[in-house]
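Just so you know, these numbers come straight off a predicted model, no measurement behind them.
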Amino acid sequence: MSIAHKLGNLDRRIIYVFIFLSVIWPLLSPIGLPIEVLPYTTGLYDAIEELPAGSTVVMSYTWGQTELPWAKSPTKAVTTHLLSRDINVIFLTYGVTGPWAIEYTFANVPLISEKEYGVDYVNLGFIAGGEMAYAAVANDMWEAVAGRDYYQTELEDIPLMTNIHDAGDVDLVITVTGGGDNPAGHLRQWQVPFGTPVAIIVYGVLFPANVPYFPEQILGIINGIRGGAEYEALIGAPSAGTSWMDAISAAHIVMAFFIILGNVAYILEKMEKR
Amino acid sequence: MVTAIFGISMILSYFFSKSIPALNTISNELMTWGKIMSAFALFLGATTMTVSHIRKVQGKDPKERFLSSWLIILIIVFSVAGILFEPTVGSYALWYNVVAMGIGISTESLLAFYIMVAAYRAFRFKTVESSLLMISCFITMFWSAPVGAAIWPGITELGNWLMNVPNKATTRGIILGIAVGTISLGIRMIMGKETAYLGGEE
Amino acid sequence: MVSELEMLVSIWIQAAFSLMVYTFLVKPTVIYEFVTHTIVGAVSGYTVAVAVRNIYKLAWIPLTTAGQFLLIIPLIVGPLILLRISKKYAWLSRYPTSVMIGLGIGLSITRYVEAQFIMQIKATLLPVFGVAPLIAFNNLLIVIIVLVTTSYFIFTIPKVTRSRSYGWIEKLGRYAMMIGFGATYGSAVVSRLTDLLGSVSHLLFQWLRLVPG
């Protein structure tokens, strides 16, 4: 077996070891490479900056425990930004693990402790049904949650919900999703009938698929962990997103090395055959 | 026919709800029904799983019997405990997170290894298509990570261009194709010409 | 509230689960089968719990306390979907399925036309004249790529005719799609690495209690 053949067919476990080492080392010794903020992220940031205090934003979650690695950084950063600008936030979810994600947000955004539940923010809980759920919430939020929040408090007793009945009363909807048709579903059920501006926080693999909607239909796209790191830079609060980018950088270098190695081996094998 | 009735009522409500407010009331009520039925659909996974694993428990393979019993026990424990106690906080949430994060995140991370090995094995300058795929992947990877800009500052501009021009255009073409397909499939379903979702029969 | 001991034990069990999953990288064994059965069982049970609470909130409480008696209909029809598993009564599950599909179609196809058809076509109508040369080039490229990609999916013209008359359009469409798929692949690499970082972070900082330098 020639060297070229061996180089092009390395045992996959060697690659696994290199990948593990490439992520462990920067996690233990962060480098702190600077991150450039892209227009997709500034789109949402600027939209929130332009909202006056007292505006109402809906954060609709379709993520849970398994999405935590990429979702915690951008949701924390965006929620902090919203609350710091005295913007009211309505949290709701279309995924079964969403109620946990909302509670996680409440427990991990320090600014929440300075705000009053029911006045500054509210949790409407889980609404099943996919497209039907988006439409039901957009058409009549009170009816969609049977007139109660997640903790079974009547919406009549929640001051924040007094003037919020449908998507037309909301100034911005930010949907956080790890998969599915959620972003486009919000365009269909919130933006088309009511004109509600839409922004999204998505798992990285969904980012290229949602770029066609930017900026005409979607104001901003937070691209998973990278977008989270950018948003943290914008609000001046570097956190998990920023430190993980170094590890991602190292892993990319390893991957690039192996791809180049594979191509070199391929070219050498072709030359040997000639 | 049921599909047609409910589908057409929502379509009529979209076009005429402003002039006929009763349509709005009807559509909201129907959406509530749909949401409640969707919640029942969530039981389907657990039910199907339990039934198929009960058959395995009754089988002869000891490994299958153990694993299937374990699965059924977990379904019962997590469902009963979740109904009795709040599933988003406290001990229930802690132990569910142990499983979901310990196993779920790790399982998803296995794909990181496979994706890299697949790239190493498959990305070759063999054909125009594979070369374009590889180059585009390379650019996106280094555009996404800060090391790309640290090595060559121009990667940001190049990556932005790749996302905003070829990728945007390609994905837009696919979105248009999917939109046409979905609309025509929806019309066929309402007309009763497409019954695969019912199991292929009327 | 969760005790410290419970927290400590949970960290160790979570770490054990992660390491069990990673054994799959060496060789698929019964250990991996055990963890997959564990997560499937837990997720199914959790889903049932959330669904029950959801039905209680959205249907039972309004029915029993707010006099919304029409909700008895979905409470009767909804459970029929579970009869899908029965060979004899599976036909009954078609009713709730038809309701949900009908509602979904009715809600989506009307809005699909505007959100994902008209708006996307509008966004493709870009100026090629009267703008800076680079912008004109990019706009022209976008229009061409959208057209060739969309025409790639025209299957109603026989393949022989397609190849002869405008096979080059299909080829261009395929090249354009490869660029798009490459971008998606690159994004997928970052996404999956994030999951790996989540898992490894827990092992390093919560289980082994290492401190980043």
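- Judged by distance alone, the side chains of B:Trp70 and C:Thr38 do bring a donor and an acceptor atom under 3.5 Å apart.
- Distance alone, capped at 3.5 Å, is enough to place a donor-acceptor pair between the C:Ser18 side chain and the B:Gly102 backbone.
- Using modelled atom types, no side-chain atom of C:Tyr185 and backbone atom of B:Met134 make a donor-acceptor pair closer than 3.5 Å.
- Here the closest heavy-atom approach between residue C:Ile109 and residue B:Ile183 is recorded as CG2-CA, 4.1 Å.
- Only the side chain of B:Val51 comes within less than 4.5 Å of a heavy atom of chain C; its backbone N, CA, C and O stay farther away.
- Heavy atoms of C:Val9 lying under 4.5 Å from chain B belong to its backbone as well as its side chain.
- Annotation: maximal heavy-atom pairing with chain C below 4.5 Å, among B:Leu67, B:Leu132, B:Thr50, occurs at B:Leu67.
- Heavy-atom pairs under 4.5 Å with chain C were tallied for B:Phe15, B:Phe123, B:Trp95, B:Tyr114; the largest tally goes to B:Trp95.
- A parallel orientation is assigned to the rings of B:Tyr96 and C:Tyr46, their planes being inclined by less than 30° (bins at 30° and 60°).
- Residue B:Phe142: no heavy atom, backbone or side chain, is found under 4.5 Å from chain C.
- Of the two parts of B:Met49, only the side chain, counted from C-beta on, holds a non-hydrogen atom closer than 4.5 Å to a non-hydrogen atom of chain C.
- Contacts of C:Tyr95 with chain B are made by both backbone and side-chain atoms, with heavy-atom separations under 4.5 Å.
- The number of heavy atoms from other shown groups lying within 6.0 Å of CD (C:Glu6) is above 12.
- Residues from residues 136-144 of chain C that place a non-hydrogen atom less than 4.5 Å from a non-hydrogen atom of chain B comprise C:Asn138, C:Leu141, C:Ile142, given in numerical order.
- Ranked by heavy-atom pairs under 4.5 Å with chain C, the first of B:Ser91, B:Ala145, B:Ala93 is B:Ser91.
- Heavy-atom pairs under 4.5 Å with chain C were tallied for B:Leu74, B:Asn167, B:Val98, B:Leu111; the largest tally goes to B:Val98.
- Interatomic distance, B:Trp143 CH2 to C:Ser187 OG, rounded to the nearest 0.5 Å: 7.0 Å.
- Taking the six-membered ring where tryptophan is involved, the planes of B:Phe66 and C:Phe34 are essentially parallel, since the angle between them stays under 30° and well short of 60°.
- In this structure, B:Leu133 and C:Gly182 approach most closely via the heavy-atom pair CD1-N, 3.4 Å.
- Looking at C:Met100, the atoms closer than 4.5 Å to chain B (heavy atoms on both sides) all sit in the side chain, from C-beta outward.
- Across B:Phe78, B:Phe40, B:Phe138, B:Trp161, the residue that shares the most heavy-atom pairs under 4.5 angstrom with chain C is B:Phe40.
- Within the 4.5 angstrom heavy-atom criterion, atoms from both the backbone and the side chain of B:Ile83 approach chain C.
- Between C:Ser199 and B:Ser106, the side chains place a donor N or O and an acceptor N or O closer than 3.5 Å (distance only, hydrogens not considered).
- Residue C:Ala188 touches chain B through both its backbone and its side chain, counting heavy-atom pairs closer than 4.5 Å.
- Within the 4.5 angstrom heavy-atom criterion, only side-chain atoms of B:Leu162, from C-beta onward, approach chain C.
- Between B:Phe113 and C:Phe24, a ring centre-to-centre spacing not shorter than 6.0 Å is recorded.
- Side chain of B:Ser79 to main chain of C:Ala49: no donor-acceptor pair is present (N/O by atom type, distance under 3.5 Å, no hydrogens or angles).
- Of all non-hydrogen atoms in B:Pro166 and C:Ile145, the two that sit nearest each other are CA-CD1, 3.8 Å.
- Both the backbone and the side chain of B:Ser38 have a heavy atom closer than 4.5 Å to some heavy atom of chain C.
- Contacts between B:Ala100 and chain C at a heavy-atom distance below 4.5 Å involve the backbone alone (N, CA, C, O).
- The side-chain contact (heavy atoms from CB on, under 4.5 Å) search around B:Thr48 returns B:Leu44, C:Ile85, not counting sequence neighbours.
- The closest donor-acceptor contact from the side chain of B:Ser136 to the backbone of C:Ile179 lies under 3.5 Å.
- Chosen from B:Ile8, B:Ile187, B:Leu185, B:Thr140, the residue pairing most often with chain C at heavy-atom distances under 4.5 Å is B:Thr140.
- The only option from B:Ile72, B:Ile103, B:Leu71 that meets the side-chain contact (heavy atoms from CB on, under 4.5 Å) definition with C:His37 turns out to be B:Leu71.
- Top candidate by heavy-atom pairs under 4.5 Å with chain B, chosen from C:Asn54, C:Leu107, C:Leu80, is C:Leu107.
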